[in-house]
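One structure below.
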Amino acid sequence: MRKPLVVALCALAMTGAGAMPAVAAEAPPTSADTAAATGTTTTGTTTTGTVMDTVNGVLDSLSGLTAPKAGAVNFAGTVALSNCSGSVVRMPDAEDDDPALVLTNGHCLESGFPGPGQVLTDRASSRTFSLLNASGSRVATLRADRLLYATMTDTDAAIYRLSTSYARIKSSYGIDALTLDDSRPVAGTSISVVSGYWRRIYNCSVDGFAHRLKEGDWTFKDSVRYTPECNTIGGTSGSPVVDSATGKVVAVNNTGNEDGERCTLNNPCEVDENGQVTVRQGINYAQQTYLFPACFGPDSKLELDASGCLVPKP
């Protein structure tokens, strides 16, 4: 799982503006990752909050140096979490006065990784998100009031409901939410993986799809496989994968094979329809999001019983 490392945060905080988080090296999993995998909360402490404030300040100062070119996919609408990336998203038929939603990974939950087969719905949350503008500067802190959906079964996604609407975000900060595409992406699509955590954009293409992607105890279905240019690192978990032509979100970034190991944590393997296993060291993956629009109704209400809603259910 593309989790950030506490040591990387501390190093960035100490090195200041001279550091380049976009090329920060990723180390093997630490105790922070292990605690998340066992369900132990590792975020939200005073120390982590202080470090994150420092890191956000450094990244804000660097955002002007790494701002995307005009007309290209940019950071507007993306968010930085305490441990991951994410984005403010809307369904294709959402109304401006609907409560806004934030999309990230299921493994980015503040409560730790959901277990295999576990689906969490409609839970209280007060999680905060740093909202970014087009150049990657932090312009606001948004707060959730509910965790509407989260799982690491078949997919790796979490959707939070915010305590504000799309219209209020637009009027206050001039930022539009990213729209989820309700169509499945195709191989060869030009995409951008936009990390709010690192203020970095990775550009590549959809190389193909993994019938099953197995990582430790978890199995994901029909995963997007990137071409090698999207060499995502820890902290990019939950980043929106944006179709470069349409600007719509087609997937959520979640993992990659770091060490060439077979089907272990941080080393997912592909399993085809015949059970044949393929290991692709250095290749990264995302989970498709086109199934979610059918599962949401008016006022951003989760409707798992709706016709056409095919996401995993409790």
Side-chain angles (χ1 to χ4, degrees), residues 77 86-109 114-123 125 144-162 165-167 176-189 191 206 208-214 218-225 238-255 271-273 285-314:
S87 57
V88 180
V89 297
R90 62 187 297 160
M91 304 303 156
D93 57 354
E95 300 290 342
D96 289 345
D97 60 355
D98 287 345
L101 303 174
V102 165
L103 170 69
T104 187
N105 283 149
H107 80 257
C108 293
L109 293 182
Q118 185 178 22
V119 178
L120 307 177
T121 62
D122 195 27
R123 302 200 173 193
S125 176
D145 60 16
R146 306 294 293 180
L147 171 66
L148 295 182
Y149 184 89
T151 192
M152 288 175 64
T153 298
D154 296 352
T155 186
D156 185 4
I159 299 178
Y160 291 86
R161 187 183 71 192
L162 299 181
S165 67
Y166 298 113
D176 291 309
L178 302 177
T179 299
L180 288 189
D181 199 330
D182 56 6
S183 297
R184 186 180 185 275
V186 297
T189 299
I191 54 174
V206 175
F209 303 90
H211 173 68
R212 297 290 183 269
L213 191 69
K214 182 171 176 55
W218 294 272
T219 300
F220 312 120
K221 293 182 178 180
D222 200 21
S223 303
V224 173
R225 180 176 62 246
S239 298
V241 179
V242 180
D243 183 318
S244 302
T246 66
K248 294 182 179 180
V249 176
V250 296
V252 57
N253 178 68
N254 79 310
T255 193
V271 184
D272 70 13
E273 293 88 341
Y285 301 89
Q287 303 309 310
Q288 299 186 56
T289 52
Y290 74 96
L291 294 177
F292 282 108
C295 304
F296 280 82
D299 298 321
S300 301
K301 184 179 179 181
L302 179 66
E303 298 179 347
L304 292 179
D305 293 331
S307 175
C309 179
L310 301 177
V311 301
K313 300 173 177 60

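Quantities reported herein were computed from a predicted structural model and do not represent experimental measurements. Keep in mind that the numbers below use all heavy atoms, side chains included, and drop hydrogens, waters and symmetry copies.
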Legend entry - Backbone N/O of Gly106 and side chain of Asp156: donor-acceptor pair under 3.5 Å: yes

Inset, instruction - Identify the two heavy atoms, one from Glu303 and one from Pro298, that lie closest to each other, and give their separation to 0.1 Å. - result: OE2-CD, 4.1 Å

Legend entry - Interatomic spacing from CD1 in Ile191 to OG in Ser244 - rounded to 0.5 Å: 7.5 Å

Legend entry - Interatomic spacing from CZ in Phe220 to OG1 in Thr153 - rounded to 0.5 Å: 8.5 Å

Legend entry - Shortest non-hydrogen contact between Asp97 and Ser165, atoms and distance: O-CB, 3.8 Å

Inset, instruction - Would you name the heavy atoms of Val89 and Ala177 that are closest together and state the gap between them? - result: C-CB, 4.1 Å

Inset, instruction - Apply side chain to side chain contact (heavy atoms under 4.5 Å, CB included) to the pair Leu120 and Leu109, showing each step before the final yes or no. - result: CA-CA 11 Å; Leu120 307 177; Leu109 293 182; 3.6 Å; yes

Legend entry - Polar side chain donor-acceptor pair, Asn254 to Gln287, under 3.5 angstrom: yes

Legend entry - Heavy-atom pair with the smallest gap, counting every atom of Gly308 and Ala294: O-CB, 3.5 Å

Legend entry - SB check Asp243 Lys248 (cutoff 4.0 Å): no

Inset, instruction - Take Lys313 and Asp305 through the salt bridge (charged side-chain N to carboxylate O under 4.0 Å, His left out) test and state the conclusion after the steps. - result: CA-CA 9 Å; Lys313 300 173 177 60; Asp305 293 331; over 6 Å; no

Legend entry - Pairwise distance CG(Leu180) to CG(Leu103) - rounded to 0.5 angstrom: 6.5 Å

Legend entry - Asp181 side chain vs Tyr290 backbone, donor-acceptor pair below 3.5 Å: no

Inset, instruction - Answer yes or no: is there a side-chain heavy-atom contact under 4.5 Å between Leu162 and Val102? - result: yes

Legend entry - Least distance between heavy atoms, Ser300 atom then Pro99 atom: OG-O, 2.5 Å

Inset, instruction - Give the intermediate values and the outcome of side chain to side chain contact (heavy atoms under 4.5 Å, CB included) for residues Val206 and Val250. - result: CA-CA 10 Å; Val206 175; Val250 296; 5.8 Å; no

Legend entry - Distance in Å, Ile159 CD1 paired with Phe296 CZ, rounded so as to fall on 0.5 Å steps: 4.0 Å

Inset, instruction - Measure the spacing between NE2 of His107 and CE of Met152 and express it to the nearest 0.5 Å. - result: 6.5 Å

Legend entry - Euclidean distance, Thr179 OG1 relative to Arg90 CZ, rounded to 0.5 Å: 6.0 Å

Legend entry - Considering all heavy atoms, the nearest Ala251-Ala286 contact: CB-CB, 3.8 Å

Inset, instruction - Would you sort out whether Tyr166 and Leu101 count as a side chain to side chain contact (heavy atoms under 4.5 Å, CB included), showing the intermediate values? - result: CA-CA 9 Å; Tyr166 298 113; Leu101 303 174; 3.7 Å; yes

Legend entry - Backbone of Leu147 reached by a side-chain donor or acceptor of Arg123 within 3.5 Å: no

Inset, instruction - Establish, yes or no, whether a centroid distance under 6.0 Å links the rings of Tyr149 and Phe292. - result: yes

Legend entry - Check against side chain to side chain contact (heavy atoms under 4.5 Å, CB included), Val241 and Gln288: CA-CA 9 Å; Val241 179; Gln288 299 186 56; over 6 Å; no

